[in-house]
Every structure is written in C-alpha cells, then in structure tokens.
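Following: one structure in structure tokens, then a few remarks.
Counting starts at 1 for both ligands and their atoms, in listed order. Sequence positions, counted from 1, serve as the residue numbers for this chain.
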Amino acid sequence: MTRTSLSSDELRDLRRRVRGAVVCPRDTLYDDARVVWNEMIDVRPAVVVRAAGVGDVAPTIAFAREYGFELAVRGGGHNVAGNGTVEGGVVLDMGGLHAVSVDPEAQTVRVEGGATLAHVDAATEEHGLVVPLGVVTGTGVAGLTLGGGVGWLTRAHGLTADNLVSVEVVTADGDLVTASESEHPELLWALRGGGGNFGVVTAFTFRAYPLGPQVFAGNFVYGRERWRDAWRGLREWTRDLPDEMTTITTTMTPPPSMQLGCEPILIVGFAWASPDHAAGEAQAGRLRTLAPPDSEAVGPTRWVDWQSALDPLIAKRVRAYWRNASFDQLDDDVIDVLIARGEEQTWVGTAFDVHHMGGAFGRIPEDAAPFPGRHSQFWINIYGFWKDPADDDARVTFVRSLAADMERFAGSGHYVNFQGREKAGHRVLDPRQVFGAHKFARLQAVKREFDPENVFHVNHNIPPG
Ligand code: FAD
C-alpha cells in the first residue's frame with residue numbers, strides 16, 4: 001500500500017541520509033518547495049528533498065522504496081502534466097544541481113540534472129557555442145531532453161535529445177551508470193524521448209554548435225486580414241527552406257505587454273542558425289515578398305536575448321493545459337481551421353504554435369530514438385496559460401476542441417512534453433499510441449533492465465510489462 005505521510009522517526013532517518021534540505025508540510029518553506037509551474041497541479045507531497053549533490057540521489061530513492069512512498073523527480077518543474085511532483089509522496093528536487101561546463105575544444109557541454117535552459121545558454125555564450133534547446137528559459141533541461149526538446153535550432157541540428165553524447169544516471173538500485181554509444185547504448189537510446197522512466201539523470205553531455213553571440217532572427221506580424229496570405233506564403237516558403245531556418249508561427253491575442261494591440265494576431269518567428277546573416281536576410285526576404293507583413297522586428301540579436309524573448313509572455317507560474325499534434329501539409333483545409341479557430345480566440349491566455357519541422361530533425365532515422373514521427377513536416381502545439389481558476393473550463397475547452405479539429409489531419413505519434421494532465425493519475429497518454437508497438441516493446445526491455453519494479457512511474461510511464 002502506498003504511504004502518504006512521514007512519521008517523525010522516518011523524517012529523522014531521511015535527514016540523516018541526505019545533505020540537502022528536507023522540507024515537510026509543517027516547514028515554512030513547504031509551499032515554496034511543493035509548487036510546480038502549472039498552478040492547476042495543486043499537489044501536497046509528504047516531503048520534498050532538495051538535493052545538495054549527486055550523493056543525495058541514491059539515498060532518497062532508497063528511502064522512498066524502503067518506506068513505500070511514491071517517488072517524483074523534479075528538474076525545472078515545468079512539466080505541463082505536473083510529473084515533477086506527487087500527492088503524498090517523496091519529491092526529489094534536482095533544481096539545486098545546475099552547474100554547466102563547456103569543453104570548447106570538443107564542442108560539448110556537460111549540464112547537471114537540475115539546470116534550466118537559462119543556465120546552459122549563459123554558460124555557452126562566451127564560447128560562441130549553442131545547444132539546441134527550447135524557447136522559454138525557465139524550462140528544465142532534464143524534462144525537456146528526456147521528452148525530446150524542440151526549439152529554434154530543431155531544423156538545423158535536431159532535437160535536444162538527438163544531441164546527447166552521454167548521460168549519467170542513478171538507477172532504481174542506486175547505481176550511477178553512464179549511458180553513451182559505448183556504455184549501455186540501449187539506455188542512451190531510451191533516454192532520447194522515453195522520459196524519466198529509467199533513473200535520475202545527474203548530468204547530460206550534449207554536442208554544441210558554433211553560433212552567436214549574435215544570431216539573425218525575428219518576427220513578421222500579421223493582422224487578421226492578412227492571415228490567409230501569411231499561411232499560404234508560409235506554405236510556399238517552407239517547401240524548400242534551408243535547414244538553418246527554423247520557424248514557429250503563433251496565433252494569439254497579445255498581452256498588453258507586447259504592445260501589439262488587443263486583436264488576435266499571427267506572428268511568424270524565425271531563427272537562422274548560421275553566422276552568414278546576409279543569407280538569412282535573403283531567406284527572410286523571400287517570405288516578406290510572398291506575404292508582406294503588417295509589421296516586423298527582424299535583424300541580428302544576441303542569442304541569449306532571442307532565447308529569452310518569449311519569457312515575459314508566460315508568467316513564472318500559471319494555470320495550464322496543452323495538447324499537440326503533427327501533420328504534413330499546410331493545405332487549404334488546415335489553413336481554414338487555423339484561421340477560424342484563431343479568429344475565435346479573442347482573449348489573452350491561450351495560443352497555438354505551428355512548428356515547421358523537417359531538416360536535420362527529419363533526416364534522423366525513425367529508429368534512432370524513441371521520439372516518434374520524424375516524417376512530420378509540421379507540429380501544432382495548442383496551449384493555455386491563464387491565472388484565474390474561473391477560466392479553467394473555457395481555456396481547457398478551447399485547447400481540446402482545436403486539438404479535436406486537427407485530429408483528422410494528424411499523423412502518428414505524440415510529443416509527450418506538450419501534453420497536459422487529462423485526469424487524476426500520471427499516465428496521461430497510452431505509451432503504445434505515443435511510441436508505436438515496436439518502440440514501446442524496446443522501451444519496456446530497457447525498463448525491465450534498469451527499473452523492473454517501476455520505481456520511476458511518475459511520468460509518461462512505460463510499465464515494465
Ligand atoms: P519537471 O516537471 O521537473 O519534470 C518533467 C519530467 O521529467 C518528470 O517526469 C520528471 O520526473 C522528469 N525529470 C525531471 N528531472 C529529471 C532528472 N534529473 N532525472 C530524471 N527524470 C527527470 N518543450 C520543448 O520541447 N520546447 C519548448 O520550447 C518548450 N517550452 C516550454 C515552455 C514552457 C513555459 C513550459 C511550461 C514547457 C515548455 N516545454 C517545451 C515543455 C517542456 O519540455 C516539458 O514541460 C518538460 O517536461 C519540462 O521539464 P522540467 O524538467 O522543467 O519538468
């Protein structure tokens with residue numbers, strides 16, 4: 001039977017075992033320690049262990065197992081489904097472990113398991129290197145990578161997970177193992193999209209790429225009357241774009257801070273992953289000709305500034321529900337849906353992004369990682385970020401109904417990191433459906449080797465079988 005609270009003796013025992021802070025409900029720090037980014041996940045763990053070093057990881061796992069508590073592992077706490085915490089269980093918060101070291105010669109970056117994207121970008125900038133990450137800096141590297149990781153460099157260099165060189169993992173038995181192409185290669189494979197199912201990651205080593213500090217990037221902005229031209233222009237433009245160009249097209253009602261009015265707008269955001277800014281400008285110019293924007297902000301900008309440009313849009317903590325689907329064509333039927341639903345969305349607090357995929361992401365063989373759907377040309381990420389609980393139903397309904405509209409165009413596979421919590425419990429998606437039967441069976445084999453008792457199940461769970 002699963003436990004939900006600690007006795008004083010157990011608490012003393014846990015405090016003896018670890019160096020980091022052990023925070024329980026009667027501590028003043030408890031509310032700060034228990035919260036995660038998604039305010040809808042209002043969960044009260046029995047205890048939060050704030051790891052002070054790698055040495056705290058194995059004892060915390062052992063404690064949870066010995067005393068029969070569910071265990072949740074937290075990196076940046078940004079998981080939309082709330083998998084960084086657990087009601088009545090033990091939370092191992094890795095957030096204090098965020099050191100980043102760069103090897104400029106080897107062009108690799110070692111990142112501790114609790115770092116955020118901001119920690120990585122800040123460390124790589126002085127070396128003129130970048131790691132492909134996501135687009136909001138507070139996101140945890142761990143959850144992002146273990147689920148996949150899409151951002152402004154996806155077409156140039158693939159997912160964050162595709163750039164893993166090695167991963168240091170503490171397993172359910174407390175062993176520290178390294179997964180790389182030469183040691184435990186099947187574990188490395190599983191970590192490229194299979195989530196936190198296989199152990200606690202204490203450090204990732206990524207390939208990095210020369211770029212910056214300045215990058216050519218920007219936004220083209222279109223008012224409602226220009227949306228059809230913009231989507232059709234985008235369809236033409238994306239047919240033969242070089243890999244260096246990654247675009248994310250957002251439809252939203254802008255918050256007042258953006259100073260873009262209060263009507264729904266469409267923004268084509270892009271980043272050009274090459275120091276040849278003139279070539280990037282030439283590519284951007286093609287879209288400008290195909291679909292002249294109403295306004296634009298385009299030019300060289302610091303990579304760290306571009307990476308944090310979306311931060312002000314999304315508060316440190318909000319209520320959130322997200323869905324994701326992939327599709328292959330921006331044909332007129334898809335465009336009709338995107339325009340109709342965009343026009344309806346006259347409030348601040350939901351939005352949808354269409355990511356242009358392909359490029360390096362699409363050339364990686366499907367079997368090289370659990371991550372599903374390399375063939376997809378586009379992804380839609382439909383997301384809500386609002387503050388008032390009274391808006392929950394309307395915001396969730398909008399996200400769900402647009403996801404349902406896109407269902408008929410959707411390809412196979414889901415991106416687990418863009419999925420909100422559907423109902424009580426942790427498994428929000430059927431992993432067979434997410435990964436397909438063959439990859440699911442392969443993931444299960446790795447799970448049986450490294451976590452046969454399913455200690456790590458507060459995630460998009462792969463049951464050992
Ligand atoms: P957490 O809630 O801490 O953890 C998420 C999952 O990872 C949990 O299952 C947890 O157990 C596991 N985990 C965490 N740390 C470890 C560890 N050290 N070892 C083992 N398992 C661990 N995704 C993108 O791909 N691109 C984006 O641009 C992007 N932008 C986002 C912006 C915002 C504002 C938000 C909220 C999310 C965004 N995401 C994006 C989605 C994001 O990738 C996922 O929410 C991801 O799970 C967040 O990781 P985390 O470490 O912050 O989450």
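- In this structure, the side chain of R65 engages the main chain of A172 through a donor-acceptor pair within 3.5 Å.
- Residues F456 and F198 fail the side-chain proximity criterion, which asks for heavy atoms closer than 4.5 Å.
- One option in F198, F385, W322 has a heavy atom closer to atom 33 (C) of ligand 1 than any other, and that option is W322.
- Under 4.0 Å from ligand 1, not a single heavy atom of F456 appears.
- The option from D311, V135, N324, N459 that lies nearest to atom 28 (O) of ligand 1, judged by heavy atoms, is V135.
- Counting heavy atoms only, L144 comes closest to atom 24 (C) of ligand 1 of the residues N417, L144, V201.
- The single protein non-hydrogen atom nearest to atom 14 (C) of ligand 1 is G75 N, 3.3 Å, given as residue, atom name and distance.
- Counting only heavy atoms of the protein, atom 31 (C) of ligand 1 lies nearest to T139 OG1, 3.7 Å.
- When only non-hydrogen protein atoms are considered, atom 26 (N) of ligand 1 lies nearest to V150 O, 2.7 Å.
- For atom 45 (O) of ligand 1, the nearest non-hydrogen atom of the protein is H78 O, 3.0 Å.
- For atom 11 (O) of ligand 1, the nearest non-hydrogen atom of the protein is V73 O, 2.8 Å.
- Considering only non-hydrogen atoms, atom 20 (C) of ligand 1 lies nearest to G199 out of G148, G113, G84, G199.
- Among A51, G143, G77, G114, the residue whose heavy atom sits closest to atom 1 (P) of ligand 1 is G77.
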